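First listed ligand is number 1; within each ligand, the first listed atom is number 1. Computed from a prediction, not measured in an experiment: that's the story for all the values here.
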Amino acid sequence: MAKKIILDVDTGSDDAVAIMLAALHPDIDLLGVCAVNGNLPLKNTLENTLRVIELVGVQNKVPVAKGCARPMVKDLLPGREHNPYTKPYKIDENGNYIGYHHPYFDLPESVTKPVKENFITWYIDTIKNCPEKVTLVPVGPLTNIGMLLRADPTVLDNVEEIVIMGGGHAESNHSAAGEFNIWADPEAAEIVMQSGAKITLVPLDCTHKVSRVSRSDFGRFKEIGNPVSDFILQLLEDRIAGYKAIQPGAMEDDESAALHDVLCVAYCIDPSVLDNLLTTRVDVDFSGGFADGKTVIDTRHNRDLPDNCTVAFGGDREKFLDILLDACKNYR
Ligand code: BDR
Ligand code: CA
């Protein structure tokens, strides 16, 4: 039976591919998508989400909700902004924008409207009215999920699992300590971590290896040659250029890019795509100092606090690629 999931996204190039995989794979029943502020302002992440939903042609089946435009409390402490962090784009000497996420996708403007209810009402109704347990897949900052769990923690009675793209143990990308999604709303991330839900965390230590797509894989997408595979190739070009300009050396080969968020959806389809799993205690630092937004993953054998999370450190890149390519072929 297809797994019921709700994606929470800050679309975003890899978020876009995660939406396409979830919408096209027969083992997933995508109950809806909620946009959040993150890679780009909410106005952009919402519009980009709607454009992708229309590209895949599921606008009459998959509702889109408009989530939070700001983090829960992070920007109330402006001193945090003095900690160094990397901007996710650069302007080159000719004035060209180079980054992982262009402000708007090169797709037709959307005509679909988001749902009328506020996102919390929509989440609560969608989860509680579902005859089977729902898996939440947040792949952006955790603001919407933190707000939802504060508003009505009883939704967890009908939540199977929360699969989060975020954090890092030995790896980081946005600040020296903070992976972008967790850094962008550390309080919300800690609320989710302490919620008592079954949580699987897919951090950079895993996505950098397992969700990496290389230019040498492009032929397999070109062979499919439909609007979805073509769009993924376009996004991969942006992401490879982004890695080269902003994080040179982060990938095993410079002609490749990680599609972090997509790995969470691939895991919902086939859990064996992830391995090297550690069930342990994870908390998020929200001190406002240099470790702000760090996922503190306890690797000790003498842990003080109860386990709350399973962290994936590895997986099968070939399996990941096969799952994504097979789903692209389902586009009609
Ligand atoms: C995460 O941050 C965003 O840039 C990506 O969409 C992904 O969710 C990786 O750190
Ligand atoms: Ca994302």
(request) In sequence, state the C-alpha distance, the side-chain angles, and the governing distance for Arg317 and Asp217, and then conclude on salt bridge (charged side-chain N to carboxylate O under 4.0 Å, His left out). (result) CA-CA 11 Å; Arg317 190 179 93 88; Asp217 303 311; 3.2 Å; yes
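Other members of the hydrophobic cluster containing Ile246, listed by chain and number, are Tyr100, Tyr243, Met251; membership follows side-chain contacts under 4.5 Å among ILVMFWY residues, whether direct or relayed. Side-chain heavy-atom separations under 4.5 angstrom define the hydrophobic clusters, and the remaining members of the one that includes Tyr89 are Ile91, Tyr97.
With Ser110 contributing its side chain and Leu50 its backbone, the two residues share no donor-acceptor pair below 3.5 Å. Although no hydrogens or angles enter the test, the distance criterion places a donor-acceptor pair under 3.5 Å between the side chain of Lys209 and the main chain of Phe313. The closest donor-acceptor contact from the side chain of Thr45 to the backbone of Ala35 lies at 3.5 Å or more, if one exists at all. Between the side chain of Asn94 and the main chain of Asn96, no donor-acceptor pair closer than 3.5 Å is present.
For a distance threshold of 3.0 Å, the protein N, O or S atoms nearer than that to the Ca ion (ligand 2), listed by chain and number, are Asp10 OD1, Asp15 OD1, Asp15 OD2, Val139 O, Asp261 OD2.
Between Trp183 and Tyr85, the ring planes lie tilted relative to each other; the angle falls in the 30° to 60° range.
Salt-bridge formation is detected for the pair Asp152/Lys128: a Lys NZ or Arg NE/NH1/NH2 atom is positioned less than 4.0 Å from an Asp or Glu carboxylate oxygen.
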Contacts table for ligand 1: protein N or O within a distance under 3.5 Å of ligand N or O, distances only.
{"residue": "ligand 1", "atom": "2 (O)", "partner": "Asn181", "partner atom": "OD1", "Å": "3.4"}
{"residue": "ligand 1", "atom": "4 (O)", "partner": "Asn39", "partner atom": "OD1", "Å": "2.7"}
{"residue": "ligand 1", "atom": "4 (O)", "partner": "His101", "partner atom": "NE2", "Å": "3.1"}
{"residue": "ligand 1", "atom": "6 (O)", "partner": "Asp14", "partner atom": "OD1", "Å": "2.6"}
{"residue": "ligand 1", "atom": "6 (O)", "partner": "Asp14", "partner atom": "OD2", "Å": "3.2"}
{"residue": "ligand 1", "atom": "6 (O)", "partner": "Asp15", "partner atom": "OD1", "Å": "3.1"}
{"residue": "ligand 1", "atom": "6 (O)", "partner": "Asn39", "partner atom": "ND2", "Å": "3.1"}
{"residue": "ligand 1", "atom": "6 (O)", "partner": "Asp261", "partner atom": "OD2", "Å": "3.2"}
{"residue": "ligand 1", "atom": "8 (O)", "partner": "Val139", "partner atom": "O", "Å": "2.9"}
{"residue": "ligand 1", "atom": "8 (O)", "partner": "Asn181", "partner atom": "ND2", "Å": "3.0"}
{"residue": "ligand 1", "atom": "8 (O)", "partner": "Asp261", "partner atom": "OD1", "Å": "2.5"}
{"residue": "ligand 1", "atom": "8 (O)", "partner": "Asp261", "partner atom": "OD2", "Å": "3.2"}
{"residue": "ligand 1", "atom": "10 (O)", "partner": "Asn173", "partner atom": "ND2", "Å": "2.8"}
{"residue": "ligand 1", "atom": "10 (O)", "partner": "Glu179", "partner atom": "OE2", "Å": "2.4"}

